[in-house]
Engineer: 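This is the structure I want to talk about, given as structure tokens.
When reading the values below, keep in mind they use all heavy atoms of this one structure, side chains included, and skip hydrogens, waters and symmetry mates.
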Amino acid sequence: MGIKDIQLPHRIAVVLAGIYLAAVACNWTNVKYALKPAVTLLLAMPTARGPSRAVFVGLLLSALGDTFLMLPDQESMFVPGLLSFLVAHILYLNGFDATLRGGVSWIVAVPLGVFVSAMAAALYDGVARVEDTGVQVGVVVYILTIALMTYRAAMTQTPLLVIGSLLFCVSDSILAWDKFVTSYSWCELGIMATYYAAQLCIAMAHVPK
């Protein structure tokens, strides 16, 4: 796929994502509010007539999650945001056209198992301090879901889906570390750069042929 094959809404989304990342670096709050869900909605547009309606709906739910997580009261909006992205990942998982021949691929499953174990160990103390059981359960389910999504993406042998899913693992790992372990000044920039790249890869893999 060349640059000329990239859909116009995706090209606009890339430009706006770049502006959004500049807004993060410069702390332009109003610009961030205007652009955050808009970029994801632009990524969703070309997938509306694509091969998987599940991926299209997943992108719409991601835009909803973007909205929840950018609202001022982020503590109370974390669970709705988490649920939006959880359902989006489940839809992605179901939308990826993977033919699982030969059973489990241990070459993929073992590294993902290590990833899940490492994330669970790193986040345990921070998540345990949260008094909301819904958050604790949601984090566990979310980690397992994104691991399953990445496994299914690998089984499709579609480079864009594999790259997109791996970038989601990176983005969500930084987000979880930032919230439950230690926050760094660069976390938001790292989260959003990998997040938009992940969504772009998944969206580009599901545009009409």
Engineer: Output every pair passing ring-ring contact (aromatic ring centres under 6.0 Å, His included) with a member in residues 27-57, not counting sequence neighbours, ordered by first then second residue.
Structural biologist: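 Passing the test, one end in residues 27-57: no pairs.
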Engineer: If you look only at pairs with a residue in residues 159-170, which of them pass as a salt bridge (Lys or Arg N to Asp or Glu O under 4.0 Å), with sequence neighbours excluded?
Structural biologist: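 Residue pairs passing salt bridge (Lys or Arg N to Asp or Glu O under 4.0 Å), neighbours aside: none found.
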Engineer: Checking Ala54 now: which residues fulfil side-chain contact (heavy atoms from CB on, under 4.5 Å) with it, not counting sequence neighbours?
Structural biologist: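 Only Ser52, Leu91 meet the side-chain contact (heavy atoms from CB on, under 4.5 Å) criterion with Ala54.
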Engineer: Tell me, which pairs form a salt bridge (Lys or Arg N to Asp or Glu O under 4.0 Å) where one or both residues lie in residues 12-27, sequence neighbours left out?
Structural biologist: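 Residue pairs with at least one partner in residues 12-27: there are none.
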Engineer: What pairs with Phe68 under ring-ring contact (aromatic ring centres under 6.0 Å, His included), at least two apart in sequence or on another chain?
Structural biologist: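 Partners of Phe68 under the ring-ring contact (aromatic ring centres under 6.0 Å, His included) test: none.
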Engineer: Do Ile143 and Leu82 share a hydrophobic cluster, counting only Ile, Leu, Val, Met, Phe, Trp and Tyr and linking them when any side-chain heavy atoms are less than 4.5 Å apart?
Structural biologist: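 Same hydrophobic cluster.
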Engineer: Out of curiosity, does Leu167 fall in the hydrophobic cluster containing Met155 (side-chain heavy atoms, cut-off under 4.5 Å, transitive links)?
Structural biologist: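 Met155 does not cluster with Leu167.
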Engineer: Is Val137 reachable from Val87 through a run of hydrophobic residues whose side-chain heavy atoms are each under 4.5 Å from the next?
Structural biologist: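 No.
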Engineer: Check ring-ring contact (aromatic ring centres under 6.0 Å, His included) between Tyr184 and all other residues, then give those that pass, not counting sequence neighbours.
Structural biologist: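 Tyr184 satisfies ring-ring contact (aromatic ring centres under 6.0 Å, His included) with Trp186 only.
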Engineer: Is there a path of hydrophobic side-chain contacts, each under 4.5 Å between heavy atoms of I, L, V, M, F, W or Y residues, that connects Tyr142 with Trp177?
Structural biologist: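 Cluster IDs for Tyr142 and Trp177 match.
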Engineer: Restricting to ring-ring contact (aromatic ring centres under 6.0 Å, His included), what partner residues turn up for Phe168, sequence neighbours left out?
Structural biologist: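 With sequence neighbours excluded, Phe168 shows a ring-ring contact (aromatic ring centres under 6.0 Å, His included) to His89, Tyr195, given in chain and number order.
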Engineer: Treating Ile, Leu, Val, Met, Phe, Trp and Tyr as nodes and any side-chain heavy-atom pair under 4.5 angstrom as an edge, say whether Val14 and Ile6 lie in one connected cluster.
Structural biologist: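 As far as the 4.5 Å side-chain criterion goes, Ile6 and Val14 are connected within one cluster.
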Engineer: Which residue pairs pass the salt bridge (Lys or Arg N to Asp or Glu O under 4.0 Å) test when at least one of the two sits in residues 161-185, sequence neighbours left out?
Structural biologist: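 Residue pairs passing salt bridge (Lys or Arg N to Asp or Glu O under 4.0 Å), neighbours aside: Glu75-Lys179.
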Engineer: Can you tell me which residue pairs pass the salt bridge (Lys or Arg N to Asp or Glu O under 4.0 Å) test with a partner in residues 184-194, sequence neighbours excluded?
Structural biologist: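 Matches after skipping sequence neighbours: Lys32-Glu188.
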Engineer: Check step by step if side-chain contact (heavy atoms from CB on, under 4.5 Å) holds for Gln157 and Val162.
Structural biologist: CA-CA 7 Å; Gln157 299 183 14; Val162 175; over 6 Å; no
Engineer: Please list, chain by chain and in numerical order, all residues satisfying side-chain contact (heavy atoms from CB on, under 4.5 Å) with Val79, sequence neighbours excluded.
Structural biologist: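 side-chain contact (heavy atoms from CB on, under 4.5 Å) check on Val79 returns Leu83, Asp132, Val135.
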Engineer: Return yes if a side-chain donor-acceptor contact under 3.5 Å exists between Ser62 and Gln199, otherwise no.
Structural biologist: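 On atom types as modelled, these side chains qualify, holding a pair under 3.5 Å.
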Engineer: Please name all residues satisfying ring-ring contact (aromatic ring centres under 6.0 Å, His included) with Tyr196, sequence neighbours left out, ordered by chain then number.
Structural biologist: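 Tyr20.
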Engineer: side-chain contact (heavy atoms from CB on, under 4.5 Å) with Leu16: which residues, sequence neighbours excluded?
Structural biologist: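 With sequence neighbours excluded, Leu16 shows a side-chain contact (heavy atoms from CB on, under 4.5 Å) to Ile12, Ile19, Leu35, Val39, Leu42, given in chain and number order.
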